[in-house]
Amino acid sequence: MSYQYKKEFQQFLVEWFQREKRDLPWRKTKDPYKIWVSEVMLQQTRVDTVIPYYENFLEKFPTPEVLAEAEESFLLKQWEGLGYYSRARNLQAGVREVVESYGSIVPNTRDEISKLKGVGPYTAGAVLSIAYGVPEHAVDGNVMRVLSRVLLIEDDIALPKTRKVFEKAVMDLIDPDHPSDFNQGLMELGALVCTPTSPKCLLCPVRDYCGAFAEGRTAELPVKVKKTKVKKLHYDVYVIENEAGQICMEQRPATGLLANMWQFPMVEQTADYSGIAQYTKEHEIELHGQEELVELKHIFSHIVWHLKAFYVKGESKSGKWFTLDEIEHLPLPVPMQKILQSYRVHTKKL
DNA sequence: GATGCGTGGCG
DNA sequence: TCGCCAAGCAT
């Protein structure tokens, strides 16, 4: 690609971004910590979803020092509903490292910042270019889609090794004078114009530099293999209330799905169904009565939960029991929030 | 390199 | 209804 082509592409992209960029809260700052927080929240998550979480998070944790000292349950409570909860734990671990080893200054080289927990190739490049103006690649799904079309790159973007192809392309194409606007411009273009379906090519600032547009192939790119079907799991869920009006809750394991989040007791419905009988025996709970609360389906990225929730009265000396007010302060995944709401409606405890 | 890891919006 | 998607990373 010619020098002239490259300079024109950079100029059209950067000027379009400066003119058309959305007014987003993390675009009001160059504080590396705040940029970092925004980038972690934006991983696999829509902008509109992130905005209120970002605002609240920085109110609760305005500096790396405050986040470093936060309790994990309080941290998870702020992340509640945003999903991919390991992001929060990894962010805190990374921030603690910055506070302890870097004098609370986020490092400004790819080598150093990449060592931080939760900071991968994309987040490293995003923080470096946006907060520090370092000409580094920041390749996400948007960038791969845009450049696959512009440069007619036909590698399967679902394959991990393909990211390197685009990183190389960005390093060749990036505007050394405006790395932040260039990287954000590619992503903004992907979000607003060069969308997965029905790209708005007539509004595109680099249409004349796009191979896919020239060849009428925007619908064919990027190449991406399809995912396989997800695993279905069926559970009965028990909202168990004792005489004192407390409710039994359990904390999920520290690793894996919804790690360390809280839930009502769940019993998987398997082929050799034993149901609640086995659970109550194991946990020494005596149940009285059983009323259906709600049935719901919860779709994870790789699993589908079919939940059938019941309201029962029970007593137990073991298990962890909480009042409604206390449950409010526990980090709950969305399906448990929905069941809690059904319980409130059912028992009129609103 | 393949898999695990949330959630809500959209056509 | 449902599959796909949205500013990825850890293991």
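In this text the structure is predicted, and so the values were computed from the model without any measurement. Below, chain A is the first sequence line, B the second, and so on; all start at residue 1.
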Gap separating the [atom1] atom of [X] from the [atom2] atom of [Y], nearest 0.5 angstrom:
X: C204(A); Y: W16(A); atom1: SG; atom2: CH2; result: 8.0 Å
X: Q290(A); Y: F310(A); atom1: CD; atom2: CZ; result: 5.0 Å
X: K7(A); Y: Y5(A); atom1: NZ; atom2: OH; result: 14.0 Å

Distance in angstrom units between [X] [atom1] and [N] [atom2], rounded:
X: K164(A); N: dG1(B); atom1: NZ; atom2: P; answer: 7 Å
X: L91(A); N: dC9(C); atom1: CG; atom2: P; answer: 13 Å
X: W36(A); N: dC9(C); atom1: CH2; atom2: P; answer: 12 Å
X: I113(A); N: dC9(C); atom1: CD1; atom2: C1'; answer: 14 Å

Measure from the ring center of [X] to the ring center of [Y] and say whether it is less than 6.0 Å.
X: F61(A); Y: F74(A); answer: yes
X: F57(A); Y: Y53(A); answer: no
X: F264(A); Y: Y238(A); answer: no
X: W262(A); Y: F322(A); answer: yes

Just to be sure I understand the rule, does [X] reach a base, reach only the sugar-phosphate, or reach nothing, if contact means heavy atoms closer than 4.0 Å?
X: W26(A); result: base
X: R89(A); result: nothing
X: N90(A); result: sugar-phosphate
X: R22(A); result: base
X: K231(A); result: nothing

Subject >> Integer angstrom distance from the P of dA6(C) to that of dT3(B) >> reply: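 Their P atoms lie roughly 22 Å apart.
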
Subject >> Nearest-angstrom distance, P atom, dC9(C) to dG8(B) >> reply: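 Each nucleotide's P atom is 23 Å from the other's.
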
Original post:
Listed in order of residue number, which residues of residues 117-138 of chain A have a non-hydrogen atom at under 4.0 Å from DNA chain B?
Top reply: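 Going residue by residue through residues 117-138 of chain A, none turns out to have a heavy atom under 4.0 Å of DNA chain B.
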
Subject >> Residue-level proximity of residues 165-196 of chain A to DNA chain C when a heavy atom falls under 4.0 Å >> reply: M187(A), P196(A)

Subject >> Summary of protein contacts for nucleotides 6-11 of chain B, nucleotide by nucleotide, where a base hit scores B, a sugar-phosphate-only hit scores S (4.0 Å, heavy atoms) >> reply: BBB---

Original post:
For the residue pair W305(A) and Y235(A), does the interplanar ring angle fall in the parallel (under 30°), tilted (30 to 60°) or perpendicular (over 60°) class?
Top reply: perpendicular

Original post:
The side chain of P160(A) lies closest to which of these nucleotides: dA2(B), dC5(C), dG8(C)?
Top reply: dA2(B)

Subject >> Option among K21(A), H178(A), R27(A) that satisfies the side-chain hydrogen bond (donor to acceptor under 3.5 Å, both in side chains) test with Q184(A) >> reply: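 Passing option: R27(A).
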
Original post:
Are L173(A) and F182(A) close enough that some pair of their side-chain heavy atoms sits under 4.5 Å apart?
Top reply: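 Sidechains of F182(A) and L173(A): in contact.
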
Subject >> Residue K349(A) excluded, over 12 heavy atoms near NZ under 6.0 Å >> reply: yes

